[in-house]
Undergrad: 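Mind having a look at this structure? Questions to follow.
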Amino acid sequence: MRDADVSAALLSWYDIHARDLPWRVGPRARAAGARPDPYAVWLSEVMLQQTTVAAVRDYFRRFTTRWPDVAALAAAEDGAVMGEWAGLGYYARARNLLKCARAVVADHGGRFPTTRDALQALPGIGPYTAAAIAAIAFDRPETVVDGNVERVMARLFAVETPLPTAKPALTALAARLTPQERPGCHAQAVMDLGATICTPKNPACGICPLRAPCAARDRGIAATLPRKLAKKPRPTRLGHAYIGRRADGAWLLERRPDTGLLGGMLGWPGSEWAETEPCAAPPVAADWRPLDQEVRHTFTHFHLRLALHVAALPQGCTPARGFFLPAADFRPADLPTVMRKAFDLARCGHGAD
DNA sequence: AAGACGTGGTG
DNA sequence: TCACCAAGTCT
């Protein structure tokens, strides 16, 4: 089967089976002349980096409700955006989101640039996102390569070279299939196929629109592709966190530095996180009482066991670190997940509230 | 140019 | 329980 026929089969499938997503203009609306909003495309693509559609839906809705366009987002306060992003992970995305919105307003008159290169020059927009925005929002025939596309290409052409070595070859194969017409729909079609049919485990080859030309299915090795190099084992780190509340109800929190893990997010003061037992580091002298339960949380590259300490703090105390956030201004949902877990345990396990 | 960077769902 | 995985980017 020729490349053009494969692309046509894929697009036909997409026109029938395209998922209804809040940021997407469906094939029918598009045929009627509707165009996607570049702001919505950009926001959704950043949220979807290494993140599932299911996790993104509600965040996308909340962001677009609170900040309907790029100018509104650019004018937002940092803490408001970080709080709204809390729980979604990879917080550098939120920091870069704001930088990008402000750059679009300051340097591009409030409109997103339309070429791949200009898009990729913006903060938080890499090769994938630049190509996706250019194709989906601006109809540019760019080749979009994400994990789905890599998997679909590896199977369609039975590429047995492991990732990441195979990435350039898979990109070249994806480029062969990229049509001049409706490149954005094509990109979304490949990704939808990868997300719903050509899945990592148990691919549904029986109902796949590309089963005929698929070389891996022909050889019975679809589920084993793409091959990947072995990953390193994750170490376990230990730490302490201090959940203190003042007599007036205010919580002792700190704003984490902009760089590094959970950068820019709220958190409970605490020790370093290390593979050997770290030194206790209470932010203020008080009657800290250990909690029975610890927080167990897994990050991308290590497991964490966080010992918790709670205390009622005197009204006049002056902590060495952090600040008191009045109870009325404290929303647990503004915390990154590991910190919210700590809060939940402290609230249930002891009279920290 | 490997490693840092979150989280929730899944088998 | 636990490794793997998801519409990657930055340094």
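Values reported hereafter were calculated over all heavy atoms of this structure, with side chains retained and with hydrogens, waters and symmetry mates removed. Here is the naming used below: chain letters follow the sequence lines, and residue numbers restart at 1 for every chain.
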Undergrad: Per the salt bridge (Lys or Arg N to Asp or Glu O under 4.0 Å) rule, what does the pair list look like for residues 317-333 of chain A, sequence neighbours excluded?
TA: A:Glu254-A:Arg321, A:Arg331-A:Asp334
Undergrad: So does A:Lys228 get a side-chain nitrogen or oxygen closer than 4.0 Å to the phosphate oxygens (OP1/OP2) of C:dC4?
TA: no
Undergrad: Between C:dA3 atom P and A:Phe299 atom CZ, what is the distance in whole Å?
TA: 16 Å
Undergrad: Under 3.5 Å, is there a donor-acceptor pair between the A:Gln49 and A:Thr129 side chains?
TA: yes
Undergrad: Under 4.0 Å between any heavy atoms, over every strand shown, what does A:Val56 touch: base, sugar-phosphate, or nothing? Just pick one.
TA: nothing
Undergrad: Using a 4.0 Å heavy-atom cut-off across all strands, classify A:Arg296 as base, sugar-phosphate, or nothing.
TA: nothing
Undergrad: With heavy atoms under 4.0 Å as the rule, sort A:Gly260 into base, sugar-phosphate or nothing.
TA: sugar-phosphate
Undergrad: Going by the salt bridge (Lys or Arg N to Asp or Glu O under 4.0 Å) test, which pairs reach into residues 108-137 of chain A, not counting sequence neighbours?
TA: A:Arg116-A:Glu142
Undergrad: In a table with atom names and distances, give each donor-acceptor pair under 3.5 Å that connects a side chain of residues 70-90 of chain A to protein atoms at least two apart or in another chain.
TA:
| from | atom 1 | to | atom 2 | distance (Å) |
| --- | --- | --- | --- | --- |
| A:Asp78 | OD1 | A:Arg102 | NH1 | 3.2 |
| A:Asp78 | OD1 | A:Arg102 | NH2 | 3.1 |
| A:Glu84 | OE1 | A:Arg66 | NH1 | 2.5 |
| A:Trp85 | NE1 | A:Gly89 | O | 2.9 |

Undergrad: Quick one: side-chain hydrogen bond (donor to acceptor under 3.5 Å, both in side chains) partners of A:Thr51, sequence neighbours excluded?
TA: A:Arg93
Undergrad: What is the nucleic acid contact for A:Gly263, judged by heavy atoms within less than 4.0 Å: base, sugar-phosphate only, or nothing?
TA: nothing
Undergrad: Would you indicate what A:Arg95 reaches in the nucleic acid, counting non-hydrogen atoms under 4.0 angstrom: base, sugar-phosphate, or nothing?
TA: nothing
Undergrad: Could you note down all residue pairs passing ring pair (Phe, Tyr, Trp, His ring centres under 6.0 Å) where residues 122-181 of chain A supplies at least one of them, sequence neighbours left out?
TA: none
Undergrad: How would you list, by chain and number, every residue that makes a side-chain hydrogen bond (donor to acceptor under 3.5 Å, both in side chains) with A:Arg24, sequence neighbours excluded?
TA: A:Tyr14, A:Gln188, A:Asp192
Undergrad: Need two values: the first and the last nucleotide of DNA chain B, 5' to 3', having an atom under 4.0 Å from any heavy-atom of chain A.
TA: B:dG3 to B:dG8
Undergrad: In residues 158-185 of chain A, what residues come within less than 4.0 Å of DNA chain C, judged by heavy atoms?
TA: none
Undergrad: Does anything in residues 208-247 of chain A form a ring pair (Phe, Tyr, Trp, His ring centres under 6.0 Å)? List the pairs, not counting sequence neighbours.
TA: A:His240-A:His309, A:Tyr242-A:Trp288, A:Tyr242-A:His309
Undergrad: Quick one: ring-ring contact (aromatic ring centres under 6.0 Å, His included) partners of A:Phe302, sequence neighbours excluded?
TA: A:Phe299
Undergrad: Between the protein and nucleotides 8-11 of chain C, which nitrogen or oxygen pairs come in under 3.5 angstrom?
TA:
| from | atom 1 | to | atom 2 | distance (Å) |
| --- | --- | --- | --- | --- |
| C:dG8 | OP1 | A:Gly147 | N | 3.3 |
| C:dG8 | OP2 | A:Gln50 | N | 2.7 |
| C:dG8 | OP2 | A:Gln50 | NE2 | 2.9 |
| C:dG8 | O5' | A:Gln50 | N | 3.3 |
| C:dT9 | OP1 | A:Gly126 | N | 2.8 |
| C:dT9 | OP1 | A:Gly126 | O | 3.3 |
| C:dT9 | OP1 | A:Thr129 | N | 3.0 |
| C:dT9 | OP1 | A:Thr129 | OG1 | 2.7 |
| C:dT9 | OP2 | A:Pro127 | N | 3.3 |
| C:dT9 | OP2 | A:Tyr128 | N | 3.1 |
| C:dC10 | OP1 | A:Gly124 | N | 2.6 |

Undergrad: Could you work out, with ring-ring contact (aromatic ring centres under 6.0 Å, His included) as the rule, every residue matching A:His303, not counting sequence neighbours?
TA: none
Undergrad: Base, sugar-phosphate, or nothing for A:Leu21, non-hydrogen atoms under 4.0 angstrom?
TA: base
Undergrad: What is the ring orientation for A:Phe343 with A:Trp268, classed by angle as parallel under 30°, tilted 30 to 60°, or perpendicular over 60°?
TA: parallel
